[in-house]
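Note sheet for the following structure.
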Amino acid sequence: MKYNLLKLLIFFLASMTLLSSCKRKKLEEVVEVPLPAKEEKLVIGQPDDVKASDGAFSLTKLPFLYNECEPNIGILTMENHYSKHYLTYTNNLNKLVSEDPNLTDLTIEDILKKLDLNNLDLRNNAGGYYNHTFFFDGLKPKSEGKPQDTLAVAINKDFGSFEVFKNQFIDAAEKQFGSGWAWLILDKTGKLQVISTPNQDNPLMPKQPVQGIPLLNIDVWEHAYYLDYQYKRKRYIENFFKIINWKKVSDRYEEALNNK
Ligand code: MN3
C-alpha cells in the first residue's frame, strides 16, 4: 500500500515536470525573435550636422530637434525627411545650377518664376528645394493654434472664419491625388486662397491654375507621414495644425502685402 502510494507520487511529480518543460518549450518557441544585427541599429544624428553639397543653395536650419514635433511628426519621419529627402533635392538643384549659366545668381523664387515646365529635372528639384525649405521653416513644436493679427482678420474676411479656412485646407491636402502639397496663398487680386499642387509644383511656377505668393504649405507625399500615420493622411493633416508656426505665416503675409 505504502509502496503504491510512493509510486503514484513519483509518477505525479514526473508528469508535472514533463508538462512544465513542455509548456516552457512552447512559450520559448512563441516569444523567440531574432535580434537585430549590429549594422541594422539606427543612428539618428543632429539636424545641424546635415550639410548640402557646395553650391548656390544650402539647407534651411531646422528650427527644432528631430524629436520635438512628436507625436505629431515622429523622430524617424522628421530625420528622414530633412536629412535625406530635402538634402537630395538641394544637392540635385546645386548640381543643375552649376551646370547652367542662365541660373547663376538667381534666387530660388526667380528660378521658379522663369521655369520652363518641360525641364522636369529643374522643375522637380527647384520645386522640391523651395517647397521643403518653406515647409520646415513654417513648423513649430507647439503651435499658437491660430493667427491673432492682420492675417487673422484677412482669414475671417476671405473665408468667413478660421474654421472654414482650416476645413478647406484639410480638404485640399487630403484630396490631392497621389503626391503633392496644399497651400494657403495670397493671390494676384490680394485674396487668400487654398490650393493644392501635384508632385513638387508650387504656386510660383508659370501656368499654374492659381498663382500666388505662398504663406503656408503642407507636404502630403507619403514620406512625410506614412511611418506615423500609414494610410490615415487626414489624421496627419489635422495634427499638422498643432505644429504650425503662425507667427512665421503672419510675417510672410505682411511681406507679401508689402511686395504686391
Ligand atoms: Mn517631402
Side-chain angles (χ1 to χ4, degrees), residues 44-45 47-48 50-53 57-96 108-109 111-112 115 120-141 143 169-170 172-185 194-205 208 214-245 248-249 252:
I44 295 184
D48 285 353
V50 186
K51 298 274 181 275
S53 58
F57 297 100
S58 52
L59 302 180
T60 191
K61 184 178 158 60
L62 196 69
F64 41 78
L65 297 174
Y66 291 136
N67 64 345
E68 284 186 278
C69 288
E70 291 199 317
N72 303 303
I73 296 180
I75 183 170
L76 276 182
T77 302
M78 194 65 84
E79 192 260 354
N80 270 282
H81 206 176
Y82 183 80
S83 74
K84 307 290 190 301
H85 295 274
Y86 178 39
L87 180 68
T88 303
Y89 288 116
T90 309
N91 289 345
N92 289 346
L93 175 63
N94 279 339
K95 186 165 181 290
L96 292 170
I108 184 63
E109 287 84 357
I111 290 176
L112 294 169
L115 183 73
L120 288 181
D121 235 8
L122 188 61
R123 180 176 176 177
N124 290 334
N125 289 296
Y129 174 74
Y130 179 89
N131 296 353
H132 284 92
T133 303
F134 201 84
F135 174 71
F136 290 120
D137 278 345
L139 297 178
K140 182 181 179 182
S143 175
F169 189 89
I170 291 172
E174 191 191 4
K175 289 186 178 148
Q176 168 56 43
F177 183 75
S179 299
W181 298 77
W183 304 81
L184 172 67
I185 62 161
V194 165
I195 60 158
S196 66
T197 56
N199 304 315
Q200 295 298 355
D201 287 355
N202 70 46
L204 293 174
M205 291 180 180
Q208 296 299 302
L215 305 176
L216 171 71
N217 70 349
I218 181 173
D219 189 339
V220 291
W221 283 58
E222 284 186 347
H223 67 238
Y225 67 90
Y226 212 83
L227 283 177
D228 302 316
Y229 296 92
Q230 293 84 47
Y231 63 91
K232 288 168 265 182
R233 186 193 274 196
K234 191 175 182 186
R235 288 284 296 149
Y236 156 65
I237 303 161
E238 287 167 344
N239 285 343
F240 171 75
F241 273 81
K242 297 175 185 166
I243 50 170
I244 294 174
N245 184 343
K248 184 82 189 174
V249 181
R252 289 166 174 168

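Every value quoted in this text rests on a predicted model; they were computed, and no experiment measured them. Order of appearance sets the numbers: ligands from 1, and atoms from 1 within every ligand.
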Worksheet item: Taking the inter-plane angle between the rings of Tyr86 and Phe136 on a 0 to 90° scale, is it parallel (under 30°), tilted (30 to 60°) or perpendicular (over 60°)?
Response: tilted
Worksheet item: Side chain of Arg235, backbone of Gln230: donor and acceptor closer than 3.5 Å?
Response: no
Item to complete: For the pair His81 and Phe135, name the ring-plane relationship: parallel under 30°, tilted 30 to 60°, perpendicular over 60°.
Response: tilted
Worksheet item: Name of the Asp219 N, O or S atom nearest the Mn ion (ligand 1)?
Response: OD2
Worksheet, complete the sentence: Of all N, O or S atoms in His132, the one closest to the Mn ion (ligand 1) is NE2
Worksheet, complete the sentence: min-distance N/O/S atom, His81 vs the Mn ion (ligand 1), resolves to NE2
Discussion item. To make sure I understand the geometry: which N, O or S atom in His223 is closest to the Mn ion (ligand 1)?
Written reply: NE2
Worksheet entry | Within the 6.0 Å centroid threshold, strictly below: Phe169 and Phe241 | yes
Practice prompt. Take the angle between the ring planes of Trp183 and Phe134 and call it parallel below 30°, perpendicular above 60°, tilted in between.
Written response: tilted
Worksheet item: Any N/O/S of His85 under 2.8 Å from the Mn ion (ligand 1)?
Response: no
